[in-house]
Amino acid sequence: MSETKWDRLQNAMSASGVSIKDVADAAGVAQSSLFRALNGSTKAPRPETVDKLEAAFIALATAKMNEFRQALSLYGYNPIRNRNEEMASHMSAMNKTRKYFGTDGIRGRANSFPMTAEVAYRVGMAAGKMFMSDSDRRHLVVIGKDTRLSGYMIEPALVAGFTSVGMDVRLFGPLPTPGVAMMTRSMRADLGVMISASHNGFADNGIKLFGPDGYKLSDEVELAIEARMDGNILEGIAEAHKLGRVQRVDDAQWRYVEIAKATFPRHLTLAGLRVVVDCANGAAYKVAPLALYELGAEVFPIGVAPDGININEKCGSTQPQAMAQKVRELRADIGIALDGDADRVVICDEHGNLVDGDQIMAIIAGSLARKGLLKGGGLVATVMSNLGLERFMAKQGLALERTKVGDRYVMERMREGGFNIGGEQSGHVILSDYATTGDGLIAALQVLAERVETGKPMSELGKQFSTVPQLLKNVKYSGSSPMERDEVKAAIKAGEERLNGSGRVLVRASGTEPLIRVMAEGDDAGLVKAVVEEIAGVMAG
């Protein structure tokens with residue numbers, strides 16, 4: 001008699017050291033019925049129950065693997081062995097336990113591991129199977145993308161994976177990342193997917209996953225998906241008559257426009273304002289100009305002619321010079337620059353001077369506080385946010401809580417502490433009253449509302465606080481991380497001592513590139529520069 005899945009699962013639990021009790025609790029299965037099945041007094045659990053137990057076991061076993069791998073990483077051993085050894089050697093200590101997922105989904109050069117059609121197909125099968133319940137209802141996944149050429153390769157591969165396990169698919173076409181998160185929840189989908197590499201160039205692409213609540217998946221769930229991707233991926237595929245079906249959602253962009261507009265105060269209008277909006281030739285190239293126009297603004301759009309390879313090219317939030325130039329040229333009141341998937345924003349005033357994410361958060365937080373609408377007693381930012389923002393919040397009796405870099409970690413802390421605003425200096429601004437992830441358009445609309453309500457020009461509004469001199473330098477490396485060398489550790493410690501409480505030093509590895517980011521800030525710009533150059537010099541030496 002051939003071995004059943006239940007037999008294999010029993011053997012795996014016994015060999016792994018994962019407690020059967022923990023597996024039952026995690027799967028929501030009564031322990032008593034499970035133990036009766038184990039000792040042979042009842043038949044094996046139903047197939048759908050075994051599927052739930054399998055998913056719970058994979059998640060728990062993966063968590064144990066993660067603990068061991070972290071221990072190996074601390075020891076200095078890289079446990080990853082895959083076809084891209086160079087990539088593995090460049091991964092940060094945090095990512096050495098992860099083969100596919102990085103700090104923000106899966107990302108890489110299109111048609112190279114891990115951003116291949118094969119990997120996308122496996123993601124669809126593994127994630128689809130994990131988010132399907134035992135019920136006989138049709139399960140649904142929604143998929144949006146930006147304007148990259150490689151989206152035409154990744155999208156059908158994902159669709160093939162999802163439909164092969166029996167999930168129905170709805171395709172949005174180009175739509176901002178926050179729009180996909182919103183629509184996942186709005187359409188009661190089991191899973192949401194965004195195909196985008198955000199602010200990266202066209203040659204890269206990525207896959208971001210959202211749960212049915214519209215929030216990005218946790219590290220634990222991503223690791224469980226990885227385990228399924230590298231397991232028997234064909235196990236549990238749908239029978240021929242239960243394959244998923246695919247439809248396009250033609251009004252997805254217009255739905256998002258209405259959602260975004262609804263965040264702008266009803267008693268206000270943008271009439272009389274001249275607004276330049278740079279859509280980075282990306283996902284918001286239709287929705288952002290339309291939303292601003294329908295709220296009354298005179299709109300001058302740029303970066304709205306995507307051709308598959310010009311996304312983020314000399315435009316958008318990472319290269320806002322085009323926006324600033326257009327504002328000066330047209331004598332506009334404000335400039336708004338989004339990135340390729342429109343989850344981040346940078347603004348400029350009427351003179352073309354840039355307003356970054358820290359100032360944007362200060363504007364919105366101050367407005368919410370005055371109206372008694374600020375939750376959590378402050379805001380959440382990352383370790384990269386300027387010390388000036390922290391001092392600004394403190395003067396108002398408000399807190400600034402810091403997390404590691406990544407909007408998903410900002411969101412996690414916001415949910416834990418009940419905050420309704422958080423974000424990053426780079427322009428990811430999360431307003432949890434409206435969205436479950438960063439939304440560049442919605443953040444810009446809140447700034448515009450404050451601009452209209454106060455009547456202050458953007459040049460005044462954009463200077464909520466004086467920034468503390470801050471310098472960031474990227475140090476490229478190959479092989480092992482230079483952060484582990486004794487002389488580098490000594491240089492970092494010396495830099496901290498030189499700033500002597502008047503500033504801070506932050507040295508961290510990039511989660512996506514072989515780079516060490518060396519940052520320092522303090523009241524003395526000359527000292528800050530000297531500290532950064534000294535640490536970077538030792539690191540590069």
Side-chain angles (χ1 to χ4, degrees), residues 1-65 121-142 158-169 184 187-193 209-213 217-218 220-245:
M1 182 181 292
S2 62
E3 188 181 38
T4 66
K5 180 191 284 191
W6 172 237
D7 294 328
R8 293 197 304 275
L9 185 57
Q10 291 180 70
N11 293 334
M13 287 191 291
S14 176
S16 69
V18 175
S19 163
I20 295 172
K21 175 181 178 297
D22 289 343
V23 172
D25 288 343
V29 175
Q31 295 178 33
S32 56
S33 64
L34 183 56
F35 281 115
R36 285 196 297 273
L38 287 168
N39 63 30
S41 59
T42 61
K43 293 181 180 179
R46 293 182 300 172
E48 57 267 27
T49 301
V50 175
D51 284 344
K52 291 174 68 174
L53 292 168
E54 177 193 44
F57 168 71
I58 289 173
L60 292 171
T62 302
K64 275 186 170 293
M65 289 165 58
Y121 173 62
R122 286 180 169 269
V123 170
M125 296 185 76
K129 192 66 180 174
M130 180 163 290
F131 280 81
M132 293 177 70
S133 66
D134 295 336
S135 69
D136 290 331
R137 68 176 177 83
R138 302 298 300 179
H139 293 83
L140 178 66
V141 56
V142 296
L158 284 166
V159 168
F162 286 122
T163 54
S164 72
V165 296
M167 288 195 93
D168 290 339
V169 181
T184 301
M187 295 179 67
R188 297 174 63 183
D190 298 283
L191 190 64
V193 184
L209 301 178
F210 297 93
D213 56 2
L217 303 185
S218 67
E220 291 74 21
V221 173
E222 288 180 346
L223 284 167
I225 291 172
E226 284 200 1
R228 278 182 173 271
M229 289 171 65
D230 285 342
N232 184 358
I233 197 69
L234 295 178
E235 187 169 352
I237 60 175
E239 297 177 17
H241 67 286
K242 290 187 176 181
L243 291 171
R245 298 176 182 271

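Positions are given from 1 along the sequence.
- Closest non-hydrogen pair, A56 versus A26, comes out as CB-CB, 3.8 Å.
- No side-chain heavy atom of V165 sits less than 4.5 Å from a side-chain heavy atom of F131.
- Checking side-chain atoms of H139 against main-chain N and O of G166 turns up no donor-acceptor pair under 3.5 Å.
- Between R8 and E235 there is a salt bridge, with a side-chain nitrogen of the basic residue lying less than 4.0 Å from a carboxylate oxygen of the acidic one.
- No side-chain heavy atom of V142 sits less than 4.5 Å from a side-chain heavy atom of F210.
- To the nearest 0.5 Å, atoms CE (M229) and CE (M125) are separated by 11.0 Å.
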Take L158 and V141 through the test side chain to side chain contact (heavy atoms under 4.5 Å, CB included) and record every step on the way to the result.
-> CA-CA 10 Å; L158 284 166; V141 56; over 6 Å; no

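- For D168 (side chain) and L140 (main-chain N/O), no donor-acceptor pair under 3.5 Å exists by modelled atom type.
- Counting non-hydrogen atoms of neighbouring residues, nucleotides and ligands closer than 6.0 angstrom, the CZ atom of R138 exceeds 12 such neighbours.
- Atom CG of D136 is surrounded by 12 or fewer heavy atoms from other residues, nucleotides or ligands within 6.0 Å.
- Atom NZ of K242 sits about 13.0 Å away from atom CD1 of I237, to the nearest 0.5 Å.
- In this structure, R137 places its CZ atom where more than 12 heavy-atom neighbours from other residues, nucleotides or ligands lie under 6.0 Å away.
- Here D51 contributes atom CG and K129 contributes atom NZ; the two are 5.0 Å apart, rounded to the nearest 0.5 Å.
- With rounding to the nearest 0.5 angstrom, the CG atom of L191 is 6.5 Å from the CG atom of L217.
- At a threshold of 4.5 Å between non-hydrogen side-chain atoms, the residues M130 and V221 count as touching.
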Please report the C-alpha distance between W6 and L53 in whole Å, then the side-chain angles of each, then the deciding distance to 0.1 Å, and finally whether the side chain to side chain contact (heavy atoms under 4.5 Å, CB included) criterion is met.
-> CA-CA 9 Å; W6 172 237; L53 292 168; 3.9 Å; yes

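- Residues F162 and G124 share a closest heavy-atom pair of CD2-O, 3.2 Å.
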